[in-house]
Every structure is written in structure tokens, then in C-alpha cells.
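As the structure lists them, so they are numbered: ligands from 1, and atoms in each ligand from 1. One is the number of the first residue; the rest follow in order along the sequence.
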Amino acid sequence: GKGLAVFTSGGDSQGMNAAVRACVRMAIYLGCKAYFIREGYQGMVDGGDNIVEANWASVSSIIHRGGTVIGSARCMDFKQRAGRLKAANNLIQRGISNLVVIGGDGSLTGANLFRQEWSSLLDELLKNGQITEEQKTKYAVLHIVGMVGSIDNDFCGTDMTIGTDSALHRIIEAIDAIVSTAYSHQRTFIMEVMGRHCGYLPVVTGIVSEADYVFCPESPPPSDWPDKLCDKLIQERNAGQRLNIIIVAEGAIDRDGKPISAEDIKKVVVDKLQQDTRITVLGHVQRGGNPSAFDRVLGCRMGAEATLALMEATSESVPVVVSLDGNQAVRVPLMECVERTQAVAKAMADKNWELAVKLRGRS
Ligand code: ADP
């Protein structure tokens, strides 16, 4: 059978294990040899014990675990051709020419580059005497398929990324806890949530926690936000509310692009309203803990579909990323999604928030 390897790269997220499990089991079911690559691209470059054959049992009891049990890493070596040459050799020696990459747009871009470069890497390996003519012919094409693991839901082309739903669960558990204590003492709480360039977590959190004010990167407030914020807080208190909740994305900015931090907001509320105000920074709690049912199912669906996509790939087919469209796991062209995601990043950097939001929507 064909050799297939799965790895996780970039930031971790809950549900990656479900995806790894489904991908491995579908591969075994289809008669392939399935491998894990530990520690992302670093393990691919280093080889050795980092690339291990998986069996049915080796992915048991991981679906409920957060993070990624096979490890993830950022890898400078893979950004250099020399690193990718080593990686290619490590794969060929194990008969692997099918890769499932679970990561963000950086990891997917790297995989696509690797695929494009593959035949020239094989030429070099052959010239160096590291692989045989027979191996070069047999593994002439590298097939790749991507899945996006990210709690930020910041990838274009999928309704949800793996991990976002679990992160929302972590956040609302924390806010519910804060709300009960805030109520007792009539306090105002500022909750900092993740989302450097993408407001999905802060906006959805704001809706489901009845927050009074949300600062998110795509909708920067005008410079008089302190007055608007205070008016709103007072209005809510006058309506009988005993507490206020303010959500701030870690990447919140004003219309001039100046960062707005939880401390900035606290200073405004304390100075203008003298409210008893506290900050809670959720940080990595959001990435941790068990994946939600949604993320487990999402990982299962996407992982199985990823393996199927690889097995059906031909030398002519364009690489795909498995994404969620409504309730379906579907295949969409990988580079189109990556390019759109990068266009969003550029639009954000150019302070063209309207364009960023438009590009993020369904095409
Ligand atoms: P994410 O996948 O979450 O966007 P990064 O952008 O840090 O995270 O990418 C993860 C890893 O993918 C990098 O450490 C590097 O090894 C690899 N990678 C990213 N971009 C490229 C690239 N342009 N060329 C080669 N490898 C890349």
C-alpha cells in the first residue's frame, strides 16, 4: 500500500488528535502504511525516531485529549532548501510520498512549496547517491492535503477551523465564573481573549456572554471610544445591571492602528467612572483542555476526508485543504485559501478592515 504520513505544525489546538486519529485509521482501513511525524517539520527534517509507523491501536485514547499528542513545533530548518532536502530523503527512505499537514497558513504554505520543489529535491538526492533511480520514479510526485488547526478561526475557505469551538467553551466557562463574582461585588471585568488579527473569538464570546462592549481588530473604534464605552457602561448600570463585562481581543486597535490594551481600558473606566475594575487575561487556557464534541467530530470528518483526498490525488490534481462547508467536509484548493488568508492579513495591515471582513466571508 501507499505510504502516508500525518503531522501537526504551528500552534496547537484542541481537536488535532481527532484529526490525526481519523486520518491514520482511514489510511489503515484503505490498506496504506500510516506514519506519524513527531514535532512537525522539525521531526521530518531530523528523521530517526521522529517518523514512526502507526497502527490502529497507536491512535486509541487520544480523541478526548487537547493539544497534539504527536507534538508540534516551529522549524527554521524547513524554511531552507537544505532542510527540505533532508526531509525529502527521510520520507523517501520510508516509502512516504503522501502528507497530511495539520496547521495554519504558514504550515500549509511550507507544504505547498515542498511539493513544488519535490522533483528537484529528488534530482539532487539521486545525484548525491542518497536515493536510487527506482525510488525516484516510484515517488516522483509528492501529494499533500491540509487541514487547519487554529483556535482563532482565522483561515479563509472553511466555516470553522479545528479548535475554535473548544476555545469558545473555555472562554465562556471563564466568563460565567467571572460574572458570578462580578455580580456579588458590582464589579467591571475586562476579559482579554485571543485573536491577534481575527475577531471571531471576541465577537462570538461577546454575544454569548452578554458582554457590554467588545474590542475586536476588524472593527476598530474611533478615537473617542472612551466616552462611548463609559456611556454604554453607565446606561447598563442605570438599567439595573450590577456588573459590566468588556471583551478585548489581544490584537485590538483603534482606527489609527494604535493598540488598545486591557490596561488602557481599565484606566478609562477607573478614571472616568471610578468603577471597581479588574482584568482577566485568559491566555493559553483558551488553547488547553479537552476538545468539545464539535471539534472531535470536525477532526474525525476532516481527517477521514483528508486521507480519501490523498488516495484519489493524481499528478494533475491541485492540492486541497479539507474544510467545513455547512455540515460537510469538502475539498477546496489549498493555495487559493492560503492566498486569500494572506490577503486578509495584508488588508488588516493596510487598515482596510472592510476588505478584510469581505475576504473572510464565504466567496
Ligand atoms: P502556522 O502554520 O500556524 O501559520 P507558522 O507560520 O509558524 O505557523 O509555520 C509553521 C512552520 O511551517 C514554520 O516554523 C516552518 O517550519 C513552516 N513554514 C512556514 N512558512 C513556510 C515557508 N514559506 N516555507 C517553508 N516552510 C514554512
Side-chain angles (χ1 to χ4, degrees), residues 5-17 19-20 37-47 50-51 66-68 70-91 99-121 124 142 144-158 160-164 166-167 194-198 200-201 217 250-251 284 286-288 295 299 302 306 319-323 334-346 348-349 359-360:
V6 56
F7 63 102
T8 51
S9 174
D12 70 337
S13 68
Q14 308 97 327
M16 281 182 159
N17 293 325
V20 167
I37 302 173
R38 299 191 192 281
E39 323 305 340
Y41 287 116
Q42 196 63 55
M44 199 188 292
V45 173
D46 295 344
N50 291 297
I51 308 178
T68 165
I70 56 175
S72 184
R74 311 234 185 247
C75 169
M76 290 315 289
D77 291 339
F78 196 77
K79 292 198 170 179
Q80 311 296 324
R81 186 180 158 96
R84 295 193 292 272
L85 189 70
K86 276 191 182 171
N89 189 39
N90 286 330
L91 296 179
L99 288 181
V100 179
V101 46
I102 310 175
D105 63 317
S107 305
L108 267 46
T109 305
N112 191 57
L113 181 69
F114 193 38
R115 175 181 159 277
Q116 288 169 339
E117 216 182 33
W118 186 254
S119 79
S120 94
L121 293 171
E124 195 171 335
L142 176 71
I144 61 163
V145 58
M147 279 182 267
V148 183
S150 162
I151 66 163
D152 293 341
N153 206 21
D154 54 355
F155 190 77
C156 294
T158 185
M160 286 289 263
T161 55
I162 299 171
T164 300
S166 304
M194 282 188 171
R196 251 190 305 263
H197 311 290
C198 182
Y200 187 87
L201 289 179
E250 59 177 343
H284 282 76
Q286 296 162 91
R287 304 186 93 97
D295 277 327
M302 286 186 166
V320 296
V321 54
V322 175
S323 77
L334 183 142
M335 278 325 283
E336 265 175 42
C337 298
V338 166
E339 278 158 18
R340 228 170 95 206
T341 302
Q342 288 165 352
V344 171
K346 182 171 184 304
M348 292 294 290
L359 286 169
R360 273 240 185 77

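- Interface of G104 with ligand 1, defined as ligand atoms under 4.0 Å from a residue heavy atom, comprises 1 (P), 2 (O), 3 (O), 4 (O).
- Taking all heavy atoms of N112, T8, L113 into account, the minimum distance to atom 24 (N) of ligand 1 is reached by L113.
- Comparing S107, G110, G106 against atom 10 (C) of ligand 1, the shortest heavy-atom distance belongs to S107.
- An N or O contact shorter than 3.5 Å is missing between G10 and ligand 1 by distance.
- With contacts defined as side-chain heavy-atom distances shorter than 4.5 Å, the pair L99/L91 qualifies.
- Using a 30° and 60° split on the angle between ring planes, F78 and F114 fall in the perpendicular class, above 60°.
- Listed by number with element, the atoms of ligand 1 under 4.0 angstrom from any heavy atom of G11 are 3 (O).
- For ligand 1 and S9, the ligand atoms under 4.0 Å from any heavy atom of the residue are 10 (C), 11 (C), 12 (O).
- Residues I144 and W118 fail the side-chain proximity criterion, which asks for heavy atoms closer than 4.5 Å.
- For R74, a nitrogen or oxygen atom sits less than 3.5 Å from a nitrogen or oxygen atom of ligand 1, counting backbone and side chain alike.
- Among protein heavy atoms, the minimum distance from atom 23 (N) of ligand 1 is reached at T109 CG2, 4.0 Å.
- Within ligand 1, the atoms closer than 4.0 Å to a non-hydrogen atom of Y41 are 12 (O), 16 (O), 17 (C), numbered from 1 in the order shown.
- For T8, the side-chain contact (heavy atoms from CB on, under 4.5 Å) test picks out M16, V20, T68, I70, S72, I102, with sequence neighbours left out.
- Polar contact check, M76 against ligand 1: no nitrogen or oxygen pair lies under 3.5 Å apart.
- Taking 4.5 Å as the limit, some side-chain heavy atom of N112 sits within range of a side-chain heavy atom of L334.
- Side-chain contact of T341 with D105: a donor-acceptor pair under 3.5 Å is absent, judged by distance alone.
- When non-hydrogen atoms are compared, ligand 1 lies under 4.0 Å from the backbone of F78 as well as from its side chain.
- Considering only heavy atoms from C-beta on, L201 comes within 4.5 Å of D152 through its side chain.
- With sequence neighbours excluded, the residues satisfying side-chain contact (heavy atoms from CB on, under 4.5 Å) with N89 are Q93, L125, Q130, I131.
- For atom 16 (O) of ligand 1, the nearest non-hydrogen atom of the protein is C75 O, 2.6 Å.
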